[in-house]
Amino acid sequence: SDAEGEAEEEVGDVSSSTDYQNLIVTKQNNYTKIVLNRPTKKNALTREMYEEIIVALNEAGKDDTAVTVMTGAGDYYCSGNDLGNFMVIKPEEMHQVAKESGDLLRRYVNAYIDFPKPLVAAINGPAIGVSVTALGLFDLVLASENATFSTPFSRLGQSPEGCSSYTFPKIMGHAKACDMMLFNNKLTATEAKECGLVTKIFPKESFETDVMSQVEAIAKLPVKSLIYSKALMRDPELDLLHKVNEAECDRLVERWPSEDCINAIMKFFQEKNK
Amino acid sequence: SDAEGEAEEEVGDVSSSTDYQNLIVTKQNNYTKIVLNRPTKKNALTREMYEEIIVALNEAGKDDTAVTVMTGAGDYYCSGNDLGNFMVIKPEEMHQVAKESGDLLRRYVNAYIDFPKPLVAAINGPAIGVSVTALGLFDLVLASENATFSTPFSRLGQSPEGCSSYTFPKIMGHAKACDMMLFNNKLTATEAKECGLVTKIFPKESFETDVMSQVEAIAKLPVKSLIYSKALMRDPELDLLHKVNEAECDRLVERWPSEDCINAIMKFFQEKNK
Amino acid sequence: SDAEGEAEEEVGDVSSSTDYQNLIVTKQNNYTKIVLNRPTKKNALTREMYEEIIVALNEAGKDDTAVTVMTGAGDYYCSGNDLGNFMVIKPEEMHQVAKESGDLLRRYVNAYIDFPKPLVAAINGPAIGVSVTALGLFDLVLASENATFSTPFSRLGQSPEGCSSYTFPKIMGHAKACDMMLFNNKLTATEAKECGLVTKIFPKESFETDVMSQVEAIAKLPVKSLIYSKALMRDPELDLLHKVNEAECDRLVERWPSEDCINAIMKFFQEKNK
């Protein structure tokens, strides 16, 4: 199409790092784009992807672009923690692996908390688990009309992360946050917008174009004003966010090797393999 | 009806405490149900009922069920503080009674603040006063479409309680909270849902069935995950909630014997007796 | 019209101070009304108007009325900071003027933070900049259906004020607040109500009558209950609000003489004079 033809003409000033296995990270028109790129697995997060996203966020925070946008390749935004992470663990290593996973999650969420520039989420499809809970740390959440948001923690014997135990009640009130995080209520894009989790919804057909037009408009604003304005809003709660992240990770390190959690995850795989 | 027939078949595993005068408290299918049972007085709260609810919440918090639901018998959820509580007081005892009432209210609200498991409100009809303000301490608020929410404090010369001076601005923003608590604006179920006070609305006809289906689904979730997830959300603000409760009760102990309040309550009874 | 005729009949008990150049301040029926009265300049705020509003709020806070309402004369509520404030400054005076302007803004916002009685905003038309950000400090925000709300800070190289870096995320969530304050998204009255910034919307034709009927109802409530109830809600965050105000003003004192800001304001005037 003509539109694609025009896009290709701009490719000249796109710079791309090729060090990532499961991300596509590009810089263009004063913004950085991070694409979760494991579409055959619905962009489920392996340990390697957590590490790659930490690196990508740290580099984007320091580069010369004004704004960073994160989105998913394929139909899903992200299906959350890859439960395969749990399946390669020998029983005798369980507590050690839980501790290491807690450290990884803590560093992962800190990369969002400490991101100094505007961070935009472009939710192109279903979002699950940690990819939903981290949304409270983004500065703009754009969603396709077919996006959904689910956080089935308690069903899996787990508990909230991504600072959602603090950000979600602040965004939508305590009871609505419990409805998502304790009682597994899945939200449509419209419901997520009504409760403040999503900022804007776009039609599925034009989603990518609409998002990029928003991001390019932001990328033209005076970058220092963006950084200082974000800092005025976030700095007073930075210490609290780090403490919340710490408490959430500590609880998960206790939860993961628990009978509740092991039974729930085994049940998940049994049903999958039926 | 058939539905009722089925319900009766399950009565076998319902255990019920009979110590309460104005509550019906039952345990079944892993949940505890507390029914405010003074329907001829629209479930208005006498001093005895405050005490009974404190006991019922403390016991439910310690029993082996996963979740507790509170609802009202008859057409009302609860018409708030029984103003008859004020009418039996001799002038010379007024300050002493105010002090004792403040202590009772503080203990009553603390029973909600410290409740360790998911607490569900099932608002079957109009809710008034302290039965509305305490909703900010519930983890899920289900309402019948005919429910209403009013907090006519300032009209009665009084001030907010139930930690609503903190929870309501957090849920709906300061101005909307003032509209309810300073300016006596009564909300419909739909308006209460729009501002986050209510989580879900059900049709009047199917309300009880819909609520029980929600509560039974929650009751099947891993209970430790529910408790730990609630704790992650509530623990960081527990101290603050106790301080807010204290400040609100102290103000009411000053307000109750005030001319503003006495005149407003006398006017209320004069109009009622016309 | 008849309506105006009736209004004139009530003028008898209106008392008015005549010391203000750009405000009309009147007292009637137990409420104080502050009208921003520079309609030919869309009620843009000059330094003199900031000072006048500080005096008017301080006096209204101490007078014997129960409630204060602020509105705008003409089509606009307020077009924000008069950018002419920036144009009369010689380059060598720039840092000194920035410091003085920061002091003025700090005192201006403190007058809202510390206002002890209910403060009602009646947004009769477009509202811009500091007239929007200060809304988080009002206790009721009534808007005409044609009102709009814009805060084009970052486009002008500036940053949030009026405690909005704290109040807006609390009212509408962090991302929606960023959409207004970092990304310059202008809200309609309906959108502002949906996110909690506006409490109630009235038709344009009946706006003044509808507002006055609300304000007069509030003015009849027991005034001590209003003051104490507001204090219960606001006192726990008063220190924080003063700190937020301080941080926002400090940042603007740095921003105003910056190249970002000077270039943006020069561009604004060049486009205006085309």
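Below, chains carry the letters A, B, ... as their sequence lines are ordered, and counting in each starts from 1.
- Here the side chains of A/V130 and A/L105 are in contact, with some heavy-atom distance below 4.5 Å.
- Ranked by non-hydrogen atom pairs under 4.5 Å with chain A, the options B/P118, B/P222, B/A121 are led by B/P222.
- Using a 4.5 Å heavy-atom cutoff, the side chains of B/L140 and B/I218 are in contact.
- Each of A/A177, A/G173, A/A247, A/P160 has some count of heavy-atom pairs under 4.5 Å with chain B, and the biggest count is that of A/P160.
- B/C178 contributes atom SG, which lies 10.5 Å from atom CE of B/M172 (distance to the nearest 0.5 angstrom).
- Atoms CD and NZ, on A/E93 and A/K90 in that order, are 5.0 Å from each other to the nearest 0.5 Å.
- Residues B/V69 and B/A122 share a closest heavy-atom pair of CG2-CB, 4.0 Å.
- The salt bridge (Lys or Arg N to Asp or Glu O under 4.0 Å) analysis of residues 127-136 of chain B, with sequence neighbours excluded, yields no pairs.
- In this structure, the portion of B/L221 lying under 4.5 Å from any heavy atom of chain A is its side chain and not its backbone.
- Counting all heavy atoms, side chain and backbone alike, B/C78 lies closest to B/L45 at SG-CG, 3.8 Å.
- For B/L232, the parts lying under 4.5 angstrom from a heavy atom of chain A are both the backbone and the side chain.
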Would you list the atom pairs in which one atom of chain A and one of chain B form a donor-acceptor pair under 3.5 Å?
unit_1 : atom_1 : unit_2 : atom_2 : d
A/G157 : O      : B/S225 : OG     : 2.8
A/Q158 : N      : B/S225 : OG     : 3.2
A/Q158 : O      : B/S225 : OG     : 2.9
A/H174 : NE2    : B/D139 : OD1    : 2.6
A/R255 : NH1    : B/S225 : OG     : 3.3

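- When all heavy atoms are compared, the tightest approach of B/V35 to B/G72 is CG1-C, 4.1 Å.
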